[in-house]
Number of protein chains: 2
Amino acid sequence: MARTAQDVTDAELSVLQMLWDHGTSSVRELTERLYKEVSLSLTATVQKLLERLEGKKYVKRDRKTWPHQFSAIVRRDELIAHQLQTTADKLCEGELNTLLTCLVKTKGLSAEDRESLRTLLDDLDSNAK
Amino acid sequence: MARTAQDVTDAELSVLQMLWDHGTSSVRELTERLYKEVSLSLTATVQKLLERLEGKKYVKRDRKTWPHQFSAIVRRDELIAHQLQTTADKLCEGELNTLLTCLVKTKGLSAEDRESLRTLLDDLDSNAK
DNA sequence: TGAAAGCCAGACGACTTGTCTTTAGTCTGT
DNA sequence: ACAGACTAAAGACAAGTCGTCTGGCTTTCA
């Protein structure tokens with residue numbers, strides 16, 4: 001039994017970052033931004049990464065345009081939340097709250113960090129009301 | 001270039017869980033708990049996992065006893081914090097606060113969850129004062 | 001219609017990871 | 001002190017991942 005596949009690999013993530021930062025793009029544009037140069041092999045690499053991201057439903061492709069236009073269909077914070085949920089499942093039996101507590105407890109949060117978190121919680125409270 | 005190695009793999013984690021739950025153990029004990037049976041190959045597998053965990057400084061081995069006794073040298077919450085930091089580094093440029101914010105924002109925390117978090121923050125405040 | 005670019009499928013090599021085999025070392029009861 | 005049983009250590013191995021590349025095809029546009 002070999003290792004379990006990662007949700008998003010490093011190379012895939014770097015493509016996603018470009019899509020988040022610059023919006024809908026073509027393969028060429030992405031390649032230029034990522035590698036500062038364009039070649040047959042490099043664009044093929046990006047193509048493959050996009051293909052895999054498309055399979056994972058993190059990116060969508062507009063096939064009606066030429067060249068195809070790619071855009072992210074997860075937001076950065078959604079992906080983060082998903083990753084955290086995965087970690088929670090593995091280490092805390094899915095208890096996100098446990099994980100949050102561990103996190104807040106163990107890592108040194110600054111006073112400002114704590115303050116902004118508290119504000120955030122307040123907002124949530126009033127929305128939920 | 002292949003993928004970057006995982007911090008703790010699934011099989012390694014299951015060994016760690018046993019150490020967390022039952023404390024210092026021998027290879028045989030771990031094997032029995034994990035597989036409900038003992039064989040040459042299974043114990044060798046556990047042995048190898050322990051060896052790798054030792055290399056990662058997550059487990060220590062007492063070579064003075066026979067058979068060797070193994071124990072975890074990270075706590076569960078330390079490992080969790082480390083995993084989260086890794087995620088933060090990858091997705092938020094290391095900003096743990098950003099990650100926390102994303103998390104709290106995106107995932108539905110219950111009112112009780114929010115309350116316990118707030119209490120936790122209060123505790124931290126008074127300790128830090 | 002021919003050149004330039006993009007699309008796609010498949011192949012590849014380096015690496016990871018869980019498992020197993022083999023050999024050598026250590027303990028136990030008699 | 002020796003047979004038998006167990007443990008330790010090292011390495012091999014298969015299956016899978018992942019980033020990269022090649023080569024053949026399609027589309028666009030001058």
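Keep in mind that this is a model prediction, so the values were computed, not measured. Every chain is numbered from 1 and lettered A, B, ... according to where its sequence line falls, protein lines coming before strand lines.
Checked against dT20(D), dA8(D), dC8(C), the side chain of Arg61(A) finds its nearest nucleotide in dC8(C). Between dA8(D), dT17(C), dT17(D), one nucleotide has an atom nearer to the side chain of Gln6(B) than all others, and that is dT17(C). Minimum atom distance to the side chain of Arg28(B) is reached by dC6(D), of the listed dC6(D), dT28(D), dT21(C).
Rounded to a whole Å, the NZ atom of Lys48(A) is 16 Å from the P atom of dG13(C). Between the CG atom of Asp10(A) and the C1' atom of dT17(D) there is a distance of 13 Å, given to the nearest Å. Rounded to an integer number of Å, the gap from Leu42(A) CG to dC21(D) P is 6 Å. Atom P of nucleotide dT7(D) and atom CG of Leu50(B) are separated by 13 Å, given to the nearest angstrom. The separation between Leu40(B) atom CG and dC6(D) atom C1' is 9 Å, rounded to whole Å. The interatomic distance linking Gln47(A) (CD) with dG10(C) (P) rounds to 15 Å, in whole Å. Rounded to whole Å, atom P of dT20(D) lies 10 Å from atom CG of Leu34(A). Distance, Leu53(A) CG to dT17(D) P: 16 Å, rounded to whole Å.
The two residues Met18(B) and Leu34(B) have their closest heavy-atom pair at CG-CD2, 3.7 Å. When all heavy atoms are compared, the tightest approach of Asp7(B) to Gln83(B) is OD2-NE2, 2.6 Å.
Between Arg52(A) and dC18(D), a side-chain N or O to OP1/OP2 separation shorter than 4.0 Å is absent. Applying the 4.0 Å criterion to OP1 and OP2 of dG18(C), one finds that Tyr35(B) has every side-chain N and O outside that range. Taking only side-chain nitrogens and oxygens, Thr4(A) never comes nearer than 4.0 Å to OP1 or OP2 of dT17(C). Residue His68(B) places no side-chain N or O under 4.0 Å from the OP1 or OP2 atom of dT7(D). Side-chain N/O atoms of Arg63(A) include none lying less than 4.0 angstrom from OP1 or OP2 on dT26(D).
Projected onto DNA chain D by closest heavy-atom contact, Glu12(A) and Val27(B) fall at different nucleotides, the more 5' of which corresponds to Val27(B).
Nucleic acid contact for Thr9(B): sugar-phosphate only, since backbone atoms but no base atoms lie under 4.0 Å from a heavy atom of the residue. In this structure, Ala44(B) reaches the bases: a heavy-atom distance under 4.0 Å links it to at least one base atom across the strands shown.
Using bins of under 30°, 30° to 60° and over 60° for the plane-to-plane angle, the ring pair Trp66(B)/His68(B) lands in the perpendicular bin.
Residues Leu30(B) and Tyr35(B) share a single hydrophobic cluster, defined by chaining ILVMFWY side chains whose heavy atoms lie under 4.5 Å apart.
Using modelled atom types and a 3.5 Å distance limit, the side chains of Asp21(A) and Gln17(A) yield no donor-acceptor pair.
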